[in-house]
Amino acid sequence: MPELAEVEYYRKEWDPALGDPIITVKVHPLARIYRDTSPQAIQRHLPGESLIASFSHGKQMLFQFGAENWLGLHLGMSGQLRSQPPDYTPAKHDHLVIKTLNHTLVFCVHRMFGKVTFDRCKNQPEWWQALPPGVTSAKFTRQHMRAFLHRFQKTPVKTVLLDQRGFPGIGNWMADEICWRIKVAPSTPCGELDETQLTRLWKTIRELARQSLRIIGHGWQTPPNNWLFNHRWKDGGHCPRKGCRAALNRSDLRGRTTCWCPNCQGLR
């Protein structure tokens, strides 16, 4: 599933069309991505308007068309945004296609976990304004993080890191990377983290978020080989930490494939 940096990368895929007036909108009206909104409303209100701004927050994206048209997108498990030439012919899984004079903006979803929302209002929609603090924002303080973790004393720290109410944008690979960097087993209950570990956790979340936005979010580059990222995907990987090189463990933790170093992070 696309995480913080991948979402930011895809948000910018539509940027070439900023300022372009919309000519037509094509939808697959029965697609599940429209489960909470009217695709006909999108087709009715977007033509004639221009894409004037885009935003990302965690795993959510928001696009503004004209003064009061707001298109929210969630990529789900496999969604992608692309900007194609104006004569592009939509493919089977292109469930939202917005044509301008110079570009074709495509929302492609192979698995129907993605989502489209459409709002007409002068300011950003209420659901967007109600999103929790982003992990790189000034509002994501140590106290904010500590208060959220306190609600889940017996829950594994990795499981809580995946909770979008507290850590928007953090997904499976990022949660594994964070736990590995602070040398805490993913299955460690939140209530067992001491103050030093909590401070290290907060700093690492923000550091990794900024690094991934810079590396993945701006060009889809591969992270450095000293990240867990490059070694966690298949069985047989080894810890990239200097002086360790232990064989990595992979197992299921509350329904999510989890990778960790039994040497650096301990066995639980």
Side-chain angles (χ1 to χ4, degrees), residues 1-66 69-120 125 127-128 164 169 171-173 212-213 215-222 229 233-234 257:
M1 178 181 289
E3 303 181 23
L4 180 76
E6 291 93 338
V7 170
E8 172 64 7
Y9 173 86
Y10 282 122
R11 176 195 67 78
K12 294 186 294 185
E13 283 291 287
W14 282 10
D15 278 359
L18 284 168
D20 283 4
I22 308 303
I23 298 174
T24 61
V25 177
K26 296 182 179 180
V27 300
H28 292 166
L30 299 181
R32 189 172 179 270
I33 62 171
Y34 298 106
R35 54 191 175 274
D36 294 324
T37 201
S38 167
Q40 292 79 13
I42 299 173
Q43 287 182 302
R44 183 167 63 253
H45 292 292
L46 287 196
E49 302 286 1
S50 297
L51 174 61
I52 64 173
S54 64
F55 312 88
S56 65
H57 183 103
K59 297 183 180 183
Q60 306 275 355
M61 289 179 285
L62 185 66
F63 297 86
Q64 183 180 4
F65 295 87
N69 297 291
W70 303 87
L71 188 69
L73 298 180
H74 191 293
L75 298 175
M77 293 290 291
S78 59
Q80 298 180 358
L81 268 62
R82 299 193 300 268
S83 177
Q84 301 286 7
D87 59 351
Y88 173 76
T89 301
K92 176 181 178 182
H93 299 290
D94 295 342
H95 296 298
L96 173 62
V97 179
I98 302 172
K99 285 190 173 289
T100 74
L101 184 63
N102 301 305
H103 303 89
T104 302
L105 306 181
V106 178
F107 181 24
C108 175
V109 189
H110 287 79
R111 300 173 67 183
M112 289 295 128
F113 297 107
K115 186 177 180 181
V116 176
T117 59
F118 181 68
D119 295 273
R120 283 177 57 79
W127 64 267
W128 181 267
Q164 298 303 292
N172 206 33
W173 78 257
S212 61
L213 285 169
I215 296 170
I216 301 173
H218 296 279
W220 205 269
Q221 302 174 66
T222 301
F229 180 92
W233 303 99
K234 297 180 180 179
T257 300

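Any value given below was found using the heavy atoms of this structure, including those in side chains, with hydrogens, waters and symmetry copies removed. Count residues from 1 along the sequence.
Taking the six-membered ring wherever Trp is involved, the centroid distance between the rings of Phe229 and Trp233 falls below 6.0 Å.
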- Starting from the C-alpha separation in whole Å, work towards a yes-or-no answer on side-chain contact (heavy atoms from CB on, under 4.5 Å) for Glu6 and Trp220. CA-CA 8 Å; Glu6 291 93 338; Trp220 205 269; 3.4 Å; yes
- Message: Please evaluate residues Met61 and Ser54 with respect to the criterion side-chain contact (heavy atoms from CB on, under 4.5 Å), reporting the C-alpha separation (whole Å), side-chain torsions for both, the decisive distance (0.1 Å), and the verdict.
- Response: CA-CA 7 Å; Met61 289 179 285; Ser54 64; over 6 Å; no
- Should Gln43 and Val27 be marked as a side-chain contact (heavy atoms from CB on, under 4.5 Å) after you check the CA-CA gap, both sets of side-chain angles, and the distance that decides it? CA-CA 8 Å; Gln43 287 182 302; Val27 300; 3.6 Å; yes
- Task: Could you go through the side-chain contact (heavy atoms from CB on, under 4.5 Å) check for Phe113 and Met1 one step at a time?
- Result: CA-CA 10 Å; Phe113 297 107; Met1 178 181 289; 5.9 Å; no
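Summarising the geometry of Asn102 relative to Pro86, their closest heavy-atom pair is O-CD, 3.3 Å, with the distance given to 0.1 Å. Between Gly76 and Pro2, the shortest heavy-atom contact is O-CD, 3.3 Å. Smallest separation of non-hydrogen atoms from Ser212 and Ala5: O-CB, 3.2 Å. Considering every non-hydrogen atom in both Ile52 and Leu18, the closest pair reads C-CD2, 3.8 Å. Pairing each heavy atom of Ile23 with each of Thr100, the nearest pair is CD1-C, 3.5 Å. Scanning both residues, Gly171 and Lys59, for their nearest heavy atoms gives CA-NZ, 3.9 Å.
The shortest distance between side-chain heavy atoms of Thr117 and Trp70 does not fall below 4.5 Å. Counting heavy atoms from C-beta on, the side chains of Gln80 and Tyr10 come closer than 4.5 Å. At a threshold of 4.5 Å between non-hydrogen side-chain atoms, the residues Thr104 and Ser83 do not count as touching. Proximity of Gln40 to Pro29: side-chain heavy atoms (C-beta onward) are separated by under 4.5 Å at one or more points. In this structure the side chain of Leu46 reaches within 4.5 angstrom of the side chain of Asn69, judged on heavy atoms. The side-chain heavy atoms of Pro125 and Leu62, taken from C-beta on, include a pair separated by under 4.5 Å. Val97 places none of its side-chain heavy atoms less than 4.5 Å from the side chain of Phe107. At least one side-chain heavy atom of Leu73 sits under 4.5 Å from a side-chain heavy atom of Leu71.
One N or O on the side chain of Gln164 and one on the backbone of Gly169 form a donor-acceptor pair closer than 3.5 Å. Formation of a donor-acceptor pair under 3.5 Å by the Tyr34 side chain with backbone atoms of His95 is found in this model. With hydrogens and angles ignored, the 3.5 Å screen pairs no side-chain donor or acceptor of Gln64 with any backbone N or O of Ala53. Looking only at distances, a side-chain donor or acceptor of Thr37 sits under 3.5 Å from a matching main-chain atom of Phe118. When atom types are taken as modelled, the side chain of Glu3 and the backbone of Trp173 share a donor-acceptor pair closer than 3.5 angstrom.
When only modelled atom types and interatomic distance are considered, His218 and Lys12 share a side-chain donor-acceptor pair under 3.5 Å.
To the nearest 0.5 angstrom, Gln84 atom CD is 13.5 Å from Ile98 atom CD1. Separation of atoms CG (Asp15) and CG (Leu51) is listed at 7.5 Å; rounding is to 0.5 Å. Atom-to-atom distance recorded for Trp14:CH2 and Leu81:CG is 4.5 Å, nearest 0.5 angstrom.
Note: His57 and Trp128 have perpendicular aromatic rings, judged against thresholds of 30 and 60 degrees for the angle between ring planes. Ring geometry for Phe63 against Phe65 counts as tilted: the plane angle lies between 30° and 60°, on a 0 to 90° scale.
For Asp94 and Lys26, the salt-bridge test fails: no basic side-chain N is under 4.0 Å from an acidic carboxylate O.
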